[in-house]
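For reference, the structure discussed in these notes is given below.
Order of listing sets the numbers, starting from 1, for every ligand and every atom in it.
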Amino acid sequence: MIQSQTLSASGGLRGEITVPGDKSISHRSIMLGSLAEGKTRIQGFLEGEDNLSTLKAFQSMGVEITRLGEGILEIQGRGLHGLREPADVLDCGNSGTTMRLMTGLLSAQRFFSVLTGDQYLRRRPMKRVVEPLSRMGARIWGRDGGERAPLAINGGPLRGIEYRSAIASAQVKSALLLAGLYAEGETRVYEPHLSRDHSERMLGFFGAELQTFDGGVSIKPLPRLAGREVQVPGDISSAAFFLVAALITPGSELLVRNVGINPTRSGIIEILRQMGGDLQLHDERTLSGEPVADILVRGSTLRGIEIGGDLVPRAIDEFPVISVAAALAEGVTVIRDAQELRVKETDRIAAMVSELGALGARVEALEDGMRIEGVAALKGGRVKSHGDHRIAMSMAVAALRATGEVTIDDTACTATSFPNFWQLLAQVKG
Ligand code: S3P
């Protein structure tokens, strides 16, 4: 067990905070900055462990990346064909985005590489990228017939394919788009619901030839990408913990500044508003092709709702904390179509049912979601993170409405996406 945190209930949360940079956009900025020609400067880069795994992987492939200050990086791009064979295995840590996107990119490089990760990542499914990439001509080997990392990749020439993904996954889509940058002909990816589109936006921003259409996206190979200035907005998935924390603690009034509100990510705002949450967007603007706003949130009485369909991919990382809001709402919340939660950093359905249940919440697992009956307050107790950053932070939010102390075990994992979470929480608790 690595670190634990003990928290107690809180009165209203007050003040103004800025959450760290968006994790998905930070990954993509390193990748495209490395593949571009010329300099890329990134501001607002999330210096969490997941993104540092991506950064180190590109350094191991010969890319010069300099840290100029907190969250400010300068990359000397090596061009689309300038990466070098890494001398050792690339360690993706806990980061599924690093592993899956890099599998796409490395499939097209004319060298050999191996990707591994921590005990959680080595359990997660990889065939979802290995299978379509193999159809493009990629040569990838992995444990369990290519389903689990470590993955060994013998990069080489690829051909464009048309792929209909059975799941709405930005990681699958992005792996294929990165491979498609190099493939012969066009690569087309269809998905059942639109997943986050940061890759499409950033590829376009760096000059790629990309077309989005109803139900999918296509890309054509091109000779070069051009280095850019990238400003990374605050991560709405990190803001989500504070949005729910403020909503469930009466008397709260909290301003979360500079949050990315890309429509493919902002499902949490819609869901919390449907539950009766008082959330207002201020100063809406665009940063490097991504919409951003300040979010003002006030303590609210929440009610249960039904969540499913295309709202699910737009809030996929927020279900642990949504389940906390639901556990304290009036009435019943039913979450469906969210079977992907079973293959995240941990099985997030099982984890939230067990940990919220330990604090007296009425939560039941469904195969593809949860059924949650709200209660007036939770009780104190000891819970665990399952090594999953979002479970740890969701349980910290739950503790704000518990009648006794809550101890959360194994909390070091929050550093993967939100290194200063505990300090910020202490700050708004006052
Ligand atoms: C991500 C995509 C999502 C999300 C993950 C980050 C990305 O995963 O859950 O945290 O940056 O592309 P899936 O593509 O597996 O849905």
message: When you measure from the heavy atoms of R28 to every atom of ligand 1, does any distance fall below 4.0 Å?
response: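 For ligand 1, residue contact (heavy atoms, under 4.0 Å) with R28 is present.
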message: Between E270 (side chain only) and S266 (backbone N and O only), is there a donor and an acceptor less than 3.5 Å apart?
response: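 No; judged by distance alone, with no hydrogens or angles, the pair does not exist.
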query: For L366, does its backbone N or O pair with a side-chain atom of R336 as donor and acceptor, under 3.5 Å?
result: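 No, because the side chain of R336 does not come within donor-acceptor range (under 3.5 Å) of the backbone of L366.
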Does an N or O from [X], backbone or side chain, lie closer than 3.5 Å to an N or O of ligand 1?
| X | answer |
| --- | --- |
| S174 | no |
| E345 | no |
| R390 | no |
| V172 | no |

Between [Y] and [X], does any NZ, NE, NH1 or NH2 come within less than 4.0 Å of an OD or OE carboxylate oxygen?
| X | Y | result |
| --- | --- | --- |
| E147 | R143 | no |
| R265 | D235 | yes |
| E340 | R342 | no |

field: Row check, F213 ring normal vs R188 NZ/CZ: under 6.0 Å, within 45°
entry: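 Yes.
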query: Can you tell me if CD on E64 sees more than 12 non-hydrogen neighbours from other groups inside 6.0 Å?
result: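 Counting other residues, nucleotides and ligands, CD of E64 stays at 12 neighbours or fewer.
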Per-atom contacts of ligand 1 with [X], taking only distances under 4.0 Å to non-hydrogen atoms:
| X | result |
| --- | --- |
| R100 | 15 (O) |
| S169 | 13 (P), 14 (O), 15 (O), 16 (O) |
| I316 | 9 (O) |

field: Heavy-atom nearest option to atom 8 (O) of ligand 1, drawn from E340, K344, E318
entry: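 Heavy atom nearest to atom 8 (O) of ligand 1 belongs to K344.
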message: Can you check which of L101, D317, L341 brings a heavy atom nearest to atom 10 (O) of ligand 1?
response: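 Ranked by closest heavy atom to atom 10 (O) of ligand 1, first place is D317.
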Any idea which protein heavy atom is nearest [atom], and the distance to it?
| atom | result |
| --- | --- |
| atom 6 (C) of ligand 1 | T97 OG1, 3.4 Å |
| atom 1 (C) of ligand 1 | Q171 NE2, 3.5 Å |
| atom 11 (O) of ligand 1 | S24 OG, 2.7 Å |

message: Check the orientation of F418 and F241. Use parallel for under 30°, tilted for 30 to 60°, and perpendicular for over 60°.
response: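 Aromatic pair F418/F241 classed tilted.
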- prompt: How long is the span from the CD1 atom in I25 to the CG atom in L32, to the nearest 0.5 Å?
  reply: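 Nearest 0.5 Å value for the CD1-CG distance: 11.5 Å.
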- prompt: Where on R196 is there a heavy atom closer than 4.0 Å to ligand 1, on the side chain, on the backbone, on both, or on neither?
  reply: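 Side chain only.
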